[in-house]
Amino acid sequence: MSNWIDVAAIDDFKSGTCRVVKTDEASVAVFNINGRYYAIDNLCSHEEAELSTGKLERDEVICPLHGAHFSLVTGEALTAPAYENLRTYPVRINNGWLEVDTELQWDIA
Ligand code: FES
C-alpha cells in the first residue's frame, strides 16, 4: 500500500533546505540536495532531536543535538552516539510537486 503526500512544489523547494511531513505514524524530513531528494525519519534514533534542523554534509545529515551522522541514502547511523538506523522513504515528482510515500518504508538490516 502507498500513501503519497505532497511535500512541496518543486519550484518552491530550494536546494539545501528541508521540509517536514507529519502523519499519524511518522514525521519525515525531506531534503533537497542539489536537485536530489531524500526522505528520512525526522527524529534522531539517539534522543528526540529533529534532524530537519541538522546540517547537511554531502549525502549525510548531522544531528543538531550530539552530532551523529546519518546517511540520507540508506538511513544508516554512521557515527556515535546514534547506533540505530533510521527509515528512509520513496520520493517522486508528480505534476511539478515532490511527493513522499510515508507508508512504504525502507529499512536496512
Ligand atoms: S539526539 Fe541525535 S545524536 Fe543525540
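Every number for a ligand or one of its atoms is a count from 1 in the order of the listing.
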- prompt: Does a side-chain heavy-atom distance below 4.5 Å link Ile40 with Val28?
  reply: no
query: Would you say the side-chain atoms of Glu99 and Asn94 include a donor-acceptor pair closer than 3.5 Å?
result: yes
- prompt: So, Asn42 side chain and Ala29 main chain: donor-acceptor pair closer than 3.5 Å or not?
  reply: no
Heteroatom count (protein N, O or S) under 2.8 Å of atom 4 (Fe) of ligand 1: 2
- request: List the steps, then state whether side-chain contact (heavy atoms from CB on, under 4.5 Å) holds for Leu72 with Ile33.
  value: CA-CA 10 Å; Leu72 292 171; Ile33 302 177; 3.5 Å; yes
Exercise: do Tyr89 and Asp41 side chains pair donor with acceptor under 3.5 Å: yes
Can you give each donor-acceptor pair under 3.5 Å made by side-chain atoms of residues 4-18, sequence neighbours left out, with the distance rounded to 0.1 Å?
from: Ser15; atom 1: OG; to: Asn34; atom 2: N; distance (Å): 2.8
from: Ser15; atom 1: OG; to: Asn34; atom 2: OD1; distance (Å): 3.4
from: Thr17; atom 1: OG1; to: Lys14; atom 2: O; distance (Å): 2.5

